[in-house]
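I have placed the structure first, in the form of C-alpha cells, so that the comments after it can refer back to it.
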Amino acid sequence: MAYTDHRTLRRALRREIAGTIGVLTDEHDFRAMRRHDSFVFDDHATYLKHVEAVLRTRALQGSHTTVALFDPEEYVHWCAHHGLDPDNPVSRTRFTAEHAATGPAVPYDGRPLTDLMNTLVDEAVRRATWEYATTLLARLGLCASCGEDLGHAAFARASRLVSRILDSAPPGHRHLVVSVSGPPESLVAVLHADDTDDGVHIDEAEALEFTTVLAVGLATSGPGGLVMRTSTPGAPDRIHGWRIRSNGLLPLTAGEVFDAYCTDTETGEIIPPESNVDYCASPDLTDTDPGPDHHH
C-alpha cells in the first residue's frame, strides 16, 4: 500500500514538471544533426511525426511542454564553449533548456506541429529583426553638436509617431507594416492593434520591434514606408500610408496609396485592386515635439 502511495505521489509530482523540446524545423538543420551518432532519426518527416506524438501524449497526461528552436550550429559552438560532447543527448537537453529561457519558444497548445513551427519561426525572425535594428541604433552614437544619443532620440520620436497613428486611426482591427530598405539588409516589422473595452490592445513585443524598426528609418533616412490597414465588420477596409523621412512621416495621397498597393515592386506592373477596399489619403502626423534637429 505504501509503495502504491509513493507511485501515486510521484506520478502527481511529475505532472508539476514543465518540459521543453528543441525542434529541428527544416531539412538543413535536420541533416546537420544527423552527423551525431546519438541522434537516431534518418528522415525529417518521420522525426516530426514522432515529435508531435510526444507532444500530444504529454498534453493528454496533463504535462506542459514548451517548444523551442534547435539550431545545430549554435549547439556545437555552445558545447565547445562549455567543454561538452555534442554527440550526447544530455548535452542537447542542457542546451535546449538554457536556450528556451532566452530564445524563441512557444507553448504547445494542441495545434498541429506545422502551425506551431510557423509561429516559432516567425518569433525567431521577429527577435532577430529587433536585435539587428537595436544594434543599428546603438551604433549611431552621440550627436556631434549637442551630445544627445541619436538612437534614443530616434526611438522616442518613433514612439510618439506610433501613438499618433493609433490615436488618429478609425476604430477596428489595425494591421500596420513598417519597412526600411538596406543596405546591408532590409527590415520589416508588423504591429496589430485591436479595440477592447479597456482601450487599444497591442502586443508589447510587437510594439517594441515595430517602434525600433521605425526608429532606424527615422535615424538613417533610409528609403522606407509605413502602411496601415483598418478592418471593421460591415465596412470596406481602409488603407493609409506614409513615407519615412528623417524628420517624421510624410503622408501619402489616396492615389499614392493606391499606386503603392497596386504595383508589383519587382516588375513595376499594375496589380488589380482588391475589392471592398478604400485607398485613403493619410493624416498628417507632424510631431509637435520632434526634439533637437540633428542636421545642425
For this session: May I ask whether L116 and V51 are part of the same hydrophobic cluster, defined by side-chain heavy atoms of I, L, V, M, F, W, Y residues being less than 4.5 angstrom apart, directly or through others?
Result: yes
Problem set entry | Heavy atoms from other residues, nucleotides or ligands near CZ of R35 exceed 12 (cutoff 6.0 Å) | no
For this session: Flag the pair L140 / D149 as yes when at least one side-chain heavy-atom distance between them is below 4.5 Å, and no otherwise.
Result: no
For this session: Answer yes if I21 and M33 sit in the same cluster of Ile, Leu, Val, Met, Phe, Trp and Tyr residues linked by side chain heavy atoms under 4.5 Å apart, and no otherwise.
Result: yes
Problem set entry | Plane angle bin for H99 and F95 - parallel if under 30°, tilted between 30 and 60°, otherwise perpendicular | tilted
For this session: Write out all pairs satisfying ring-ring contact (aromatic ring centres under 6.0 Å, His included) with one or both partners inside residues 243-263, taking only residues at least two apart or from two chains.
Result: F258-Y279
Problem set entry | Test salt bridge (charged side-chain N to carboxylate O under 4.0 Å, His left out) applied to R58 - qualifying residues, sequence neighbours left out | none
Exercise. Between R229 and V277, does a side chain to side chain contact (heavy atoms under 4.5 Å, CB included) hold up when you go through it step by step?
Worked result: CA-CA 9 Å; R229 183 173 187 141; V277 171; 3.4 Å; yes
For this session: With rounding to the nearest 0.5 Å, note down the distance linking OG in S159 to CZ in R157.
Result: 12.0 Å
For this session: Give every residue pair that meets the salt bridge (Lys or Arg N to Asp or Glu O under 4.0 Å) criterion with at least one member in residues 216-228, sequence neighbours excluded.
Result: none
Exercise. Just by modelled atom types, is the D42 backbone N or O under 3.5 Å from a matching donor or acceptor in the T46 side chain?
Worked result: no
Exercise. How about L191 and V162: do any of their side-chain heavy atoms sit closer than 4.5 Å?
Worked result: yes
Seminar exercise, completed: For T119 and R111 the tightest heavy-atom approach is OG1-NH1, 3.0 Å
Seminar exercise, completed: Residues joined to V90 in its hydrophobic cluster, side chain to side chain under 4.5 Å directly or through other members, sorted by chain and number, are none
For this session: Would you mind listing every side chain to side chain donor-acceptor pair (under 3.5 Å) that reaches into residues 18-31, with sequence neighbours excluded?
Result: none
For this session: Not counting sequence neighbours, which residues clear ring-ring contact (aromatic ring centres under 6.0 Å, His included) with H201? List them please.
Result: none
Exercise. So, does H240 use its side chain to make a donor-acceptor pair with the main chain of L252 at under 3.5 Å?
Worked result: no
Exercise. Got V180 and L214 here, is their nearest side-chain heavy-atom distance under 4.5 Å?
Worked result: no
Seminar exercise, completed: Minimal heavy-atom distance between A219 and L137, with the atoms involved, is CB-CD2, 4.3 Å
Exercise. Which salt bridge (Lys or Arg N to Asp or Glu O under 4.0 Å) pairs, counting each pair once, include a residue from residues 119-147, with sequence neighbours left out?
Worked result: E123-R126, E123-R127, R126-D203, R126-E209
Exercise. Are V190 and V257 linked, directly or through other ILVMFWY residues, by side chains that come within less than 4.5 angstrom of each other?
Worked result: yes
Exercise. Is the closest side-chain heavy-atom distance between L24 and D71 below 4.5 Å?
Worked result: no
Exercise. Does the ring centre of F30 sit less than 6.0 Å away from the ring centre of F39?
Worked result: yes
Exercise. Do M228 and I165 come within less than 4.5 Å of each other through their side chains, counting heavy atoms only?
Worked result: yes
Exercise. Can you name the residues that form a salt bridge (charged side-chain N to carboxylate O under 4.0 Å, His left out) with R243, not counting sequence neighbours?
Worked result: E256
Problem set entry | Derivation and outcome, side chain to side chain contact (heavy atoms under 4.5 Å, CB included), residues M117 and L48 | CA-CA 10 Å; M117 289 194 302; L48 292 177; 3.9 Å; yes
Seminar exercise, completed: Looking only at heavy atoms, the pair that brings S179 and V188 closest together is CB-CG2, 4.1 Å
For this session: Give the cluster check for F210 versus V200: same hydrophobic cluster or not, with ILVMFWY residues linked at side-chain heavy-atom distances below 4.5 Å.
Result: yes
Exercise. Going only through I, L, V, M, F, W and Y residues with side-chain contacts under 4.5 Å, is there a path from F41 to L55?
Worked result: yes
Exercise. Could you go step by step and tell me if T57 and Q61 meet the side chain to side chain contact (heavy atoms under 4.5 Å, CB included) rule?
Worked result: CA-CA 6 Å; T57 300; Q61 294 172 344; 3.7 Å; yes
Problem set entry | Any side-chain heavy-atom pair of S168 and L285 under 4.5 Å | yes
Exercise. Could you give all pairs that pass the ring-ring contact (aromatic ring centres under 6.0 Å, His included) test and reach residues 143-180, with sequence neighbours left out?
Worked result: H173-H192, H175-H192
For this session: Of all the heavy-atom pairs spanning T211 and A207, show the shortest one and how long it is.
Result: OG1-O, 2.7 Å
For this session: Might you point out which heavy atoms bring T230 and P170 nearest each other, and give the distance in Å?
Result: CG2-O, 3.7 Å
Exercise. Are the side chain of D278 and the backbone N or O of C280 linked by a donor-acceptor pair below 3.5 Å?
Worked result: no
For this session: Determine the minimum heavy-atom distance between L142 and L150, stating which atoms define it.
Result: C-CG, 4.1 Å
Seminar exercise, completed: Which of L250, V227, L226 passes side-chain contact (heavy atoms from CB on, under 4.5 Å) with W242? It is L226
For this session: Sort and list the pairs that fulfil salt bridge (Lys or Arg N to Asp or Glu O under 4.0 Å) and have at least one residue in residues 87-104, not counting sequence neighbours.
Result: none
Exercise. Do we see a donor-acceptor contact under 3.5 Å between the side chains of S91 and N88?
Worked result: no
Exercise. Does the side chain of I202 reach to within under 4.5 Å of the side chain of D194, using non-hydrogen atoms?
Worked result: no
Problem set entry | Flag side-chain contact, heavy atom, 4.5 Å: V216 against L187 | yes
Problem set entry | salt bridge (Lys or Arg N to Asp or Glu O under 4.0 Å) partners of residues 167-177, not counting sequence neighbours, each pair once | R174-D195
Exercise. Within the side chain of T263, is there an N or O that forms a donor-acceptor pair under 3.5 Å with the backbone of I271?
Worked result: no
Exercise. Roughly how far apart are I270 CD1 and C262 SG, rounded to 0.5 Å?
Worked result: 7.5 Å
Problem set entry | Qualifying residues under salt bridge (charged side-chain N to carboxylate O under 4.0 Å, His left out), relative to E52, sequence neighbours excluded | R56
For this session: Given side chain to side chain contact (heavy atoms under 4.5 Å, CB included), test T220 with L136 step by step and report yes or no.
Result: CA-CA 9 Å; T220 62; L136 291 180; 5.9 Å; no
Problem set entry | Flag, side chain of Y75 to backbone of P86, donor-acceptor distance under 3.5 Å | yes
